[in-house]
Amino acid sequence: MTFQDRSDAGRRLAKALAEYKGRSAIVLALPRGGVPVAAEVAAALDAPLDLILVRKIGVPTQPELAMGAVVDGAAPIIVRNEEVIELSGTTADEFETACASELAEIERRRKLYIGKRPRAEITGRIVIVIDDGIATGATTRAALQAIRNRKPKELVLAVPVAPPDTVAKLRREVDDLICLETPELFGAIGYFYRDFRQVSDEEVIATLKRFPARKSASIA
């Protein structure tokens, strides 16, 4: 399956999530790429849309290789991939420096995207986490762990595409997992989209404005 763009993927994902309509679900997007996908789902389910701010911590000499991830919150959650840290020879100081850089980017995004906007109350609610796809799952796993700590009634992960081994690992982190495509030959998420242009900060902000915050409390 090839998706035209992220909105197309979101509409297809929304059909697979139709059972959650009318069940007071909350949709959380991983910015930036997950926002256009999540917007289609939130619209179809008539659900609130919010963000879960998470950043991959890349190996200093190979930034695309995740040695961990960090999630926003009152006490940020840091997930370490000890195997990658050891194999890459990353020192403790190097890890802390990279982590601090990603925390700074999370703070920038929180101020820019959310500002004083009320956050979705997720305790005791069905929470659907959405991204435009998953590769290794490092950042997604960190996000799911952070959300689980806030005690949702049910935690659902929904993505258009991910490799089967990643899906198998993440299934243990959630109550339900929806993935439209699980190709053995994966490569990269962008391979499965005709239009995979980068999502801008302005698009994220504009999308959130389409979904005014409902009566809620902080997820931080």
Side-chain angles (χ1 to χ4, degrees), residues 10 13-14 16-56 68-80 99 102-103 105-132 134 137-159 167 169-179 204-205 207-220:
L13 205 53
L17 291 163
E19 65 180 280
Y20 290 99
K21 186 169 185 177
R23 295 176 60 187
S24 299
I26 294 167
V27 175
L28 295 184
L30 275 73
R32 292 179 291 203
V35 173
V37 184
E40 296 292 342
V41 174
L45 301 185
D46 190 27
L49 175 64
D50 204 347
L51 306 178
I52 176 76
L53 298 176
V54 56
R55 294 283 296 176
K56 172 177 65 181
V70 59
V71 190
D72 184 33
I77 290 180
I78 298 169
V79 175
R80 295 168 56 96
C99 183
E102 298 305 336
L103 276 169
E105 174 60 15
I106 283 177
E107 180 62 18
R108 183 193 76 84
R109 292 187 175 197
R110 177 148 50 105
K111 290 178 179 178
L112 183 63
Y113 300 157
I114 297 166
K116 296 182 179 179
R117 173 189 170 103
R119 308 304 304 279
E121 172 58 68
I122 64 179
T123 302
R125 304 283 294 277
I126 295 173
V127 177
I128 303 173
V129 179
I130 293 180
D131 204 352
D132 54 8
I134 304 173
T139 53
T140 307
R141 184 162 63 93
L144 294 173
Q145 290 176 1
I147 295 166
R148 183 67 83 182
N149 287 346
R150 291 160 188 159
K151 297 179 171 49
K153 177 182 178 181
E154 186 175 343
L155 181 54
V156 180
L157 174 62
V159 293
V167 169
K169 292 175 185 176
L170 291 176
R171 198 175 292 279
R172 298 191 290 265
E173 304 282 346
V174 295
D175 301 299
D176 192 15
L177 192 154
I178 305 294
C179 184
V204 173
I205 295 166
T207 301
L208 289 177
K209 285 182 178 178
R210 289 171 41 211
F211 294 86
R214 304 180 186 181
K215 186 178 180 181
S216 55
S218 174
I219 67 169

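The model shown is predicted, which means the values in this text are computed figures rather than measured ones.
Inter-residue side-chain proximity for E154 and R23 is flagged as met; some heavy-atom pair is nearer than 4.5 Å. A heavy-atom distance below 4.5 Å is not found between the side chains of T139 and R55. E102 is not listed as a side-chain neighbour of K56, based on a closest heavy-atom distance of 4.5 Å or more. Side chains of Y20 and I178 form no contact here, defined as non-hydrogen atoms less than 4.5 Å apart.
The CZ atom of R110 sits 14.5 Å away from the CZ atom of R117 when rounded to the nearest 0.5 Å. Within the model, atoms CD1 of I147 and CD1 of I26 stand 10.5 Å from one another, a figure rounded to the nearest 0.5 Å. Atom CD1 of I106 sits about 8.5 Å away from atom CZ of R109, to the nearest 0.5 Å. Note that CD of E173 is 8.0 Å distant from CZ of R148, once rounded to the nearest 0.5 Å. In this structure, I114 CD1 and L208 CG are separated by 7.5 Å, a value rounded to the nearest 0.5 Å.
With hydrogens and angles ignored, the 3.5 Å screen pairs a side-chain donor or acceptor of R119 with a backbone N or O of L51. In this structure, the side chain of D72 does not engage the main chain of L53 through any donor-acceptor pair within 3.5 Å.
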Show me the side-chain donor-acceptor pairs of residues 27-45 shorter than 3.5 Å, one per line, residues at least two apart or across chains.
| unit_1 | atom_1 | unit_2 | atom_2 | d |
| --- | --- | --- | --- | --- |
| R32 | NE | V199 | O | 3.2 |
| R32 | NH1 | D201 | OD1 | 3.0 |

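In this structure, S24 has no side-chain hydrogen bond (donor to acceptor under 3.5 Å, both in side chains) partners at least two apart in sequence or on a different chain. Looking at residues two or more places apart in sequence or on another chain, you find no side-chain hydrogen bond (donor to acceptor under 3.5 Å, both in side chains) involving N149.
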